[in-house]
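Before any comments, here is the structure.
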Amino acid sequence: MKLLLKFFIAVGGIILASSLPVLIAGWLQKEWRWKIYFESIQTTLQELWPINEIAFFNYRAQRPMPLFPNVFEYITYSLQILFLALLVAVIVSLGLTIITMLLSEKARERVKMALYFLESVPDLLIIMLAQLAVVLFFKQTGILISKIAAVGDDRIYWLPVLCLAILPTIQLYRLAMLTFQEEERQMYVDLARALGFSKVYIVLVHMFRNAIISVFFQSKKTMWFMLSNLFILELMFNLPGIMLFLRDNMYPAGFLVTVFSFFLPMFFLYSFGEWYFVRRMRGKGDV
């Protein structure tokens with residue numbers, strides 16, 4: 001019931017937000033256009049049915065096209081980039097955290113200081129440096145390791161995924177370090193040391209399975225951070241993704257489709273993860 005309540009509240013909030021430009025335009029003219037606002041919401045919901053008649057103007061093809069099923073190509077591509085980058089960020093950050101936890105306390109502090117500095121690097125700078133590196137490598141070797149911009153409906157994967165994953169990796173690395181160090185101070189770690197378990201075994205087996213729960217919940221903020229960077233990424237690489245689709249088709253129905261395309265996969269992913277980890281923690285408590 002709590003999950004359903006969250007879902008319907010989120011859906012209601014997205015629907016209410018779809019017509020906010022009407023209210024904002026009224027506020028700029030010092031008017032309260034509540035009637036027009038609710039009429040806009042009603043019109044938007046009516047436009048969603050029949051769904052196969054909704055159309056948009058495809059600027060890449062320079063012609064109007066039906067929204068469905070064409071929009072799924074944009075949605076799928078953006079979600080592939082997003083979740084691949086998140087997967088890379090989680091795996092790399094956890095791997096680096098485990099290695100760092102095996103170092104001395106002095107070395108860990110140096111790593112954390114470096115992470116605080118690297119976290120402040122702008123994402124735009126990372127994208128530009130990555131594109132410049134590809135161009136310089138091509139000039140020196142004649143080998144094009146990746147396209148630096150998509151043309152038409154081309155798909156580019158590894159370079160955009162890398163650029164989108166760098167800052168989230170640094171962010172998750174720092175957060176995971178703090179979580180593992182907090183776990184290190186728990187009594188079960190002292191008990192494991194007293195029983196003669198190696199440092200590697202304690203980190204990989206005992207600390208990891210407890211810290212991964214906190215890392216999962218922290219990754220929610222990282223996902224929102226990645227979403228805010230996705231528009232810049234699609235713009236810089238000229239990717240045929242859902243963010244550029246939204247920019248070119250900024251109307252209430254298009255907004256609803258775009259937001260729901262991101263909301264639904266992430267909602268179900270994190271709801272399932274939350275259910276699984278909470279159930280696991282309760283099971284431990286019962287034991």
Side-chain angles (χ1 to χ4, degrees), residues 51-52 54-93 122-170 172 219 222-251 253-269:
I51 204 166
N52 60 332
I54 304 175
F56 73 101
F57 188 81
N58 189 323
Y59 284 88
R60 291 177 181 266
Q62 288 297 307
R63 62 188 177 89
M65 300 177 69
L67 185 63
F68 293 97
N70 294 292
V71 72
F72 290 122
E73 296 180 10
Y74 298 95
I75 294 170
T76 303
Y77 183 50
S78 291
L79 289 178
Q80 285 174 344
I81 297 292
L82 187 68
F83 282 109
L84 281 173
L86 179 65
L87 184 63
V88 170
V90 170
I91 293 174
V92 173
S93 61
D123 53 345
L124 188 60
L125 178 62
I126 291 174
I127 295 172
M128 293 176 65
L129 289 175
Q131 292 175 326
L132 181 61
V134 170
V135 172
L136 292 175
F137 185 81
F138 176 73
K139 289 181 68 176
Q140 294 294 326
T141 64
I143 300 173
L144 183 62
I145 57 176
S146 174
K147 294 180 180 179
I148 60 172
V151 179
D153 291 329
D154 285 350
R155 298 289 188 268
I156 309 174
Y157 282 97
W158 81 264
L159 190 60
V161 168
L162 177 65
C163 292
L164 187 60
I166 288 176
L167 286 180
T169 299
I170 296 170
L172 278 176
S219 69
T222 304
M223 177 62 82
W224 287 112
F225 173 73
M226 294 173 69
L227 275 174
S228 66
N229 291 339
L230 186 61
F231 174 75
I232 298 173
L233 185 85
E234 291 186 4
L235 188 64
M236 293 293 292
F237 283 98
N238 194 36
L239 303 179
I242 196 65
M243 289 297 186
L244 291 192
F245 167 84
L246 179 62
R247 182 200 64 178
D248 297 333
N249 298 274
M250 186 58 75
Y251 58 95
F255 175 85
L256 281 179
V257 170
T258 303
V259 175
F260 276 123
S261 68
F262 284 107
F263 167 71
L264 292 176
M266 287 191 290
F267 178 82
F268 289 118
L269 172 67

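These numbers come from the heavy atoms of this one structure, side chains and all, not from hydrogens, waters or symmetry mates. Note that the structure is predicted; figures quoted are calculated from it, not measured.
Remark: side-chain polar atoms of Tyr77 are not paired, donor with acceptor, to backbone N or O of Ile242 under 3.5 angstrom. A donor-acceptor pair is defined here as one N or O able to donate and one able to accept, closer than 3.5 Å; no such pair exists between the side chain of Thr76 and the backbone of Glu73. Within the 3.5 Å criterion, the main-chain N or O of Ile75 finds no donor-acceptor partner in the side chain of Ser78.
Nearest heavy-atom pair, Ser146 versus Val134, reported as atom, atom and distance to 0.1 Å: O-CG1, 3.3 Å. Among all heavy-atom pairs drawn from Ala165 and Ala89, the shortest one is O-CB, 4.1 Å. Pro240 and Tyr74 get closest at one heavy-atom pair: O-CD2, 3.4 Å. Here the closest heavy-atom approach between residue Leu172 and residue Ser219 is recorded as CD2-CA, 4.1 Å. In terms of heavy-atom proximity, Phe225 sits nearest to Leu167 at CE2-CB, 3.7 Å. Considering every non-hydrogen atom in both Ile145 and Trp158, the closest pair reads O-NE1, 3.0 Å.
Note: Ile126 CD1 to Asn229 CG = 8.5 Å, rounded to the nearest 0.5 Å. Interatomic distance, Leu164 CG to Leu233 CG, rounded to the nearest 0.5 Å: 5.5 Å. The distance from the OG1 atom of Thr222 to the CG atom of Leu227 is 11.0 Å, given to the nearest 0.5 Å. Here the CG-CG distance, from Leu84 to Leu162, works out to 12.0 Å after rounding to the nearest 0.5 Å.
Residues Phe83 and Met226 fail the side-chain proximity criterion, which asks for heavy atoms closer than 4.5 Å. Under the 4.5 Å side-chain criterion, counting only non-hydrogen atoms from C-beta, Phe237 is in contact with Gln131. In this structure, the side chains of Lys147 and Leu159 stay at 4.5 Å or more apart for every pair of heavy atoms. Using a 4.5 Å heavy-atom cutoff, the side chains of Ile81 and Tyr157 are in contact. Side-chain contact between Leu244 and Phe231 is present, with at least one heavy-atom pair separated by less than 4.5 Å.
Ring planes of Phe260 and Phe263: perpendicular class, angle over 60° (limits at 30 and 60°).
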TODO: Output, in order, the C-alpha distance, side-chain angles, deciding distance and verdict of side-chain contact (heavy atoms from CB on, under 4.5 Å) for Leu235 and Met243.
DONE: CA-CA 8 Å; Leu235 188 64; Met243 289 297 186; over 6 Å; no
